[in-house]
Protein chains: 2
Amino acid sequence: MINSRLQKKGSCQNLNKETRCMTCSLSSLCLPLSLNLEDIDQLDSIIKRRQPLKKGEHLFRQGNAFESVYAVRSGSLKNYIMTNDGDEQITNFHLPSELVGLDGIDCIAYPVSAKALETTTVCEIPYSRLQALSNQLPDLRRQIFSCMSKELREDKQMMLLLSKKNAEQRVATFLANLSARFKRRGYSPYTFRLPMSRNEIGNYLGLAVETVSRVFTRFQSTQMIAVNGKEVHITDRQQLLEVADLNDYDIEIGNKVLAQ
Amino acid sequence: MINSRLQKKGSCQNLNKETRCMTCSLSSLCLPLSLNLEDIDQLDSIIKRRQPLKKGEHLFRQGNAFESVYAVRSGSLKNYIMTNDGDEQITNFHLPSELVGLDGIDCIAYPVSAKALETTTVCEIPYSRLQALSNQLPDLRRQIFSCMSKELREDKQMMLLLSKKNAEQRVATFLANLSARFKRRGYSPYTFRLPMSRNEIGNYLGLAVETVSRVFTRFQSTQMIAVNGKEVHITDRQQLLEVADLNDYDIEIGNKVLAQ
DNA sequence: AAAACTACTTGAGTTAAGTCAAGTTTTTAA
DNA sequence: TTAAAAACTTGACTTAACTCAAGTAGTTTT
């Protein structure tokens, strides 16, 4: 149901009319630096709206020619890379308002693949036009730098998780992080639907599926969370943060040291 | 001895004269996109040269006001973040010509600390001035985007390593990666000196010191490498790449898909 | 040059998380 | 609506890497 709410919000504008950044309910998130109205109008003019992706469809594949970055409007995506021996490593999940494809900037080809976890709509921002536009708009330029540096900071936190945290800390961190991201988007930080499978959670967190499943079970037995399939309810947020070895400060890691 | 060569190369210009990007032997690496001569001159004018850092000194600490990014001229640095319970996670090592501090862009404070592993000299690039200059120089702007996106790609590879690779694959990947970086700088890819301790290698790779030590021993017993303290000689590069589950393509990951 | 410290190595025993297997639930397709 | 497939859970067993401990080598300091 969270999911349907996301969709509703994201798809408030169809392809024919009102597909405008200025009236988009997500614009304050995907462009947190306030661009002035004229700037937004200009950005708007280069954005292409695309038909929704069905679950399992690729937005782009590792090796495809890099042409655009994307903002998620509704639904969700995963990024993953392939190892030589063919198994995948998920490097990120993307929720509405988040930018996808920044790690391909200045590349000939996308270094990762992006696949829809559910029905997903995106705004396509052709990079050549974004670059040209950012030549004129210093605020827009700063905005892109800001997004990339935020992703760098998140990556470092992910390395910390993969290098130092145990299974319970990893899963708790993951849930706390998702919770914070839903909250920012105006949804309940306590009750939400996981758009990804247990397998994908394990893959992302460097754990076996069975371990993820066991940790979920343990977390339920201590009344910290309640899980029903993909529906998650956080019963004891404080305990979750303690297990994750996080504080409110860390949860907002992406923003904690942001300028302005 | 590798080290002394690096220093010699990096310190070819002292603080009084010839401290110029244009004549710096590293400029083709730290600014791979060819700026034209006037642009280099302008960049040059904003760069501050600093007194060398001694081993163990901080270039900046997590939480310090973000003011500059740095290019390593000689020596080496590590980046690390602190967990709540006080132990460190190394997120990167930096060799000459590499940029330090990009993940702080658009932040009030540095999100990580940077500490010298040995006597180290850096070029300081005040960010406010870099930003102002990049308003005028599209090539410089592209260059910064390029560096950040390269770091993003490297981070994803690091996640893959931490999530999927076993101890031997991690150490082999680490050595192969260092080897490639030395090679790019004009040094032997086969014989080099590790600027970091076994402890730091373990910390970075998500392994206990003892495990790193044991893997080094095993690699020596199969004649793949020869180690004497911090001196490393790669005897069988092909085998090293095989163990690392890498190919020549991956080794150049940072560059493999670069435009132009 | 010796002392004190830190870094590194090696062995022995432990353990957290992985693998394998089997059963259950949910989702998808017919 | 049912059948088939995929996703999830739980238990039993295994193992790669960790921890602890003790010794060796290398660096600083005095």
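A, B, ... follow the sequence lines: proteins, then strands. Residue 1 opens every chain.
- Residues satisfying the side-chain contact (heavy atoms from CB on, under 4.5 Å) test with A/K230, not counting sequence neighbours, are A/R193, A/L194, A/S197.
- The shortest side-chain heavy-atom distance between A/V122 and A/V100 does not fall under the 4.5 Å cut-off.
- Looking at B/V212 and B/F174, their side chains never come closer than 4.5 Å, going by heavy atoms from C-beta outward.
- We find that CD of A/Q220 is positioned 14 Å from C1' of D/dT10, with the value rounded to whole Å.
- For the helix from C/dA1-D/dT30 to C/dA30-D/dT1, the axis fitted to the five pairs at one end and the axis fitted to the five pairs at the other end meet at an angle of 60° (nearest 10 degrees).
- A salt bridge is defined here as a Lys NZ or Arg NE, NH1 or NH2 lying under 4.0 Å from an Asp or Glu carboxylate O, and A/R185 with A/E98 meets this definition.
- Proximity of B/L102 to B/V69: side-chain heavy atoms (C-beta onward) are separated by under 4.5 Å at one or more points.
- Residue B/E118 contributes atom CD, which lies 17 Å from atom C1' of C/dA7 at whole-angstrom precision.
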Donor-acceptor pairs under 3.5 Å, side chain of residues 203-211 of chain B to any protein atom, not counting sequence neighbours: which ones?
residue: B/N203; atom: OD1; partner: B/I90; partner atom: N; Å: 2.7
residue: B/N203; atom: ND2; partner: B/E88; partner atom: O; Å: 2.8

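- Using a 4.5 Å heavy-atom cutoff, the side chains of A/F182 and A/T191 are not in contact.
- In this structure, A/D87 places its CG atom 15 Å from C1' of C/dT19, rounding to the nearest Å.
- B/K156 has a carboxylate O that lies under 4.0 Å from a charged side-chain N of A/E151, or vice versa, which qualifies the two as a salt bridge.
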Collect all protein-nucleotide pairs involving nucleotides 14-17 of chain D in which both atoms are nitrogen or oxygen and the distance is under 3.5 Å.
residue: D/dA17; atom: OP1; partner: B/A167; partner atom: N; Å: 2.7

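- Using modelled atom types, one finds a donor on one side chain and an acceptor on the other under 3.5 Å when comparing A/T173 with A/K165.
- B/E118 and B/S76 are linked by a side-chain donor-acceptor pair at a separation below 3.5 angstrom, with hydrogens and angles left out of the test.
- A/Y70 is listed as a side-chain neighbour of A/R50, based on a closest heavy-atom distance under 4.5 Å.
- B/Y110 is not listed as a side-chain neighbour of B/Q62, based on a closest heavy-atom distance of 4.5 Å or more.
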Using a cutoff of under 3.5 Å, can you pull out all pairs of nitrogen or oxygen atoms linking the protein to nucleotides 20-30 of chain D, with atom names and distances?
residue: D/dC20; atom: N4; partner: B/E210; partner atom: OE2; Å: 3.1

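- In this structure, the side chains of B/S113 and B/Y80 come closer than 4.5 Å at one or more pairs of heavy atoms.
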List every contact pair, protein side and nucleotides 5-8 of chain D side both N or O, where the distance is under 3.5 Å.
residue: D/dC8; atom: OP1; partner: A/R198; partner atom: N; Å: 3.4
residue: D/dC8; atom: OP2; partner: A/R198; partner atom: N; Å: 2.8

